[in-house]
Amino acid sequence: MNGNDFMAWILRSPFHSILSNGMMLITITGRKTGKAYTTPVGYYVEGEYLWVITSRERKWWRNLQGGATVDLLLKRKPVRGAADVELDEKAVEARMYEYLRHVPQAAKPMKVRVENGKPDPQDIANTAKDRLFVKIKLAQ
């Protein structure tokens with residue numbers, strides 16, 4: 001069982017609450033294969049959107065470019081949403097500040113120095129080159 005399998009197991013289990021406030025499962029359908037892919041992702045809520053940060057090296061988000069429907073297991077409840085990808089580096093930089101405001105513990109693993117509660121702008125710019133955000137609006 002790899003790390004993703006273990007996270008998925010916990011998120012589907014009665015023990016989900018230890019992770020559910022910041023982790024969920026996202027299921028994406030491959031545009032070429034039609035195959036469904038499920039992966040655990042971190043998220044935060046801002047306004048009417050769920051925001052997911054991921055590495056540009058990962059491949060799952062590519063099926064969302066231009067918008068796509070996704071299935072989520074959010075707090076152990078199945079929900080559907082409309083997802084799109086934010087790739088523009090300047091927009092990703094701006095979103096990084098919000099992300100770190102919601103998830104301050106992510107700064108250290110992403111090598112973003114924080115002084116007096118403010119993330120270092122150069123560290124943010126460097127990190128944004130390797131990251132992107134997925135924006136998900138839940139279906140009504």
Side-chain angles (χ1 to χ4, degrees):
M1 182 181 282
N2 68 29
N4 279 352
D5 292 340
F6 180 70
M7 293 293 277
W9 179 83
I10 290 204
L11 291 167
R12 289 183 178 112
S13 81
F15 308 109
H16 73 96
S17 62
I18 60 175
L19 297 173
S20 284
N21 286 332
M23 295 289 297
M24 66 180 173
L25 294 177
I26 186 168
T27 301
I28 296 150
T29 302
R31 290 198 172 162
K32 291 179 184 168
T33 65
K35 183 179 174 196
Y37 300 92
T38 301
T39 189
V41 294
Y43 75 93
Y44 74 94
V45 178
E46 186 184 349
E48 58 186 323
Y49 295 102
L50 300 178
W51 291 91
V52 174
I53 188 171
T54 192
S55 167
R56 289 177 187 259
E57 291 176 0
R58 308 264 324 262
K59 295 190 173 26
W60 65 266
W61 59 266
R62 294 180 185 164
N63 290 299
L64 304 178
Q65 289 178 281
T69 299
V70 293
D71 290 307
L72 309 171
L73 188 65
L74 181 64
K75 298 185 179 180
R76 213 168 162 216
K77 291 184 174 44
V79 293
R80 184 159 276 188
D84 207 347
V85 179
E86 181 56 73
L87 290 166
D88 178 75
E89 275 183 36
K90 289 297 177 194
V92 171
E93 278 183 42
R95 174 76 24 217
M96 290 285 300
Y97 287 98
E98 276 306 304
Y99 173 66
L100 291 174
R101 190 171 66 77
H102 287 275
V103 189
Q105 66 272 22
K108 190 172 183 177
M110 289 195 307
K111 297 181 175 61
V112 175
R113 291 167 293 187
V114 178
E115 287 187 37
N116 299 322
K118 298 200 185 316
D120 181 82
Q122 189 57 54
D123 290 351
I124 291 279
N126 292 339
T127 301
K129 290 177 183 150
D130 301 326
R131 304 287 195 300
L132 62 96
F133 282 93
V134 174
K135 177 171 81 169
I136 303 168
K137 183 171 173 58
L138 296 180
Q140 299 302 336

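On a predicted model such as this, the values are computed, not experimentally measured, just so you know. Atoms considered below: every heavy atom in the structure, side chains included; atoms not considered: hydrogens, waters and symmetry mates.
Within 6.0 Å of the CD atom in Gln105, the count of heavy atoms belonging to other residues, nucleotides or ligands exceeds 12.
Contact annotation: the side chain of Arg56 approaches that of Val92 to within less than 4.5 Å [non-hydrogen atoms, C-beta and beyond]. Side-chain contact between Leu74 and Leu50 is present, with at least one heavy-atom pair separated by less than 4.5 Å. A heavy-atom distance below 4.5 Å is not found between the side chains of Ile53 and Val103. Inter-residue side-chain proximity for Ile136 and Tyr43 is flagged as unmet; no heavy-atom pair is nearer than 4.5 Å. The closest side-chain heavy-atom distance from Tyr99 to Met110 is below 4.5 Å. In this structure, Leu100 and Ile124 have side chains that are in contact, with non-hydrogen atoms separated by less than 4.5 Å. In this structure, Ser55 and Trp61 have side chains that are not in contact, with every pair of non-hydrogen atoms separated by 4.5 Å or more. By the 4.5 Å heavy-atom criterion applied to side chains, Leu132 and Val85 are counted as neighbours.
Under the 30°/60° scheme for interplanar angles, the aromatic rings of His102 and Tyr44 are found to lie parallel.
With Asn116 contributing its side chain and Lys118 its backbone, the two residues share no donor-acceptor pair below 3.5 Å. A donor-acceptor contact shorter than 3.5 Å is absent between the side chain of Asp71 and the backbone of Thr27.
Here Arg131 contributes atom CZ and Glu86 contributes atom CD; the two are 15.5 Å apart, rounded to the nearest 0.5 Å. Annotation: the span from Ile28 atom CD1 to Leu72 atom CG amounts to 9.0 Å, rounded to 0.5 Å. Separating the CG atom in Leu138 from the CZ atom in Arg80 is a distance of 12.0 Å, to the nearest 0.5 Å. Of the inter-residue distances, the one linking Glu89 atom CD with Met96 atom CE reads 11.5 Å to the nearest 0.5 angstrom. Asp130 contributes atom CG, which lies 7.0 Å from atom CD of Glu57 (distance to the nearest 0.5 angstrom). For the atom pair OG1 of Thr39 and CG of Leu25, the computed distance is 8.0 Å after rounding to the nearest 0.5 Å.
With salt bridges taken as basic N to acidic carboxylate O contacts below 4.0 Å, one links Lys137 and Glu48. With respect to Glu98 and Arg101, a salt bridge is recorded, a charged nitrogen being found less than 4.0 Å from a carboxylate O.
Residues Arg58 and Thr54 share a closest heavy-atom pair of CG-OG1, 3.6 Å. The nearest pair of heavy atoms linking Asp120 to Val112 is N-CG1, 4.2 Å. Taking all atoms of both residues into account, the shortest heavy-atom contact from Val114 to Ala107 is CG2-CB, 3.8 Å. Shortest non-hydrogen contact noted between Val70 and Ala83 is CG1-CB, 3.9 Å. Closest non-hydrogen pair, Arg31 versus Ala68, comes out as NH2-CB, 4.0 Å.
A single hydrophobic cluster is not seen to contain both Tyr37 and Val134; linkage of ILVMFWY side chains at heavy-atom distances under 4.5 Å, directly or through other members, places them apart.
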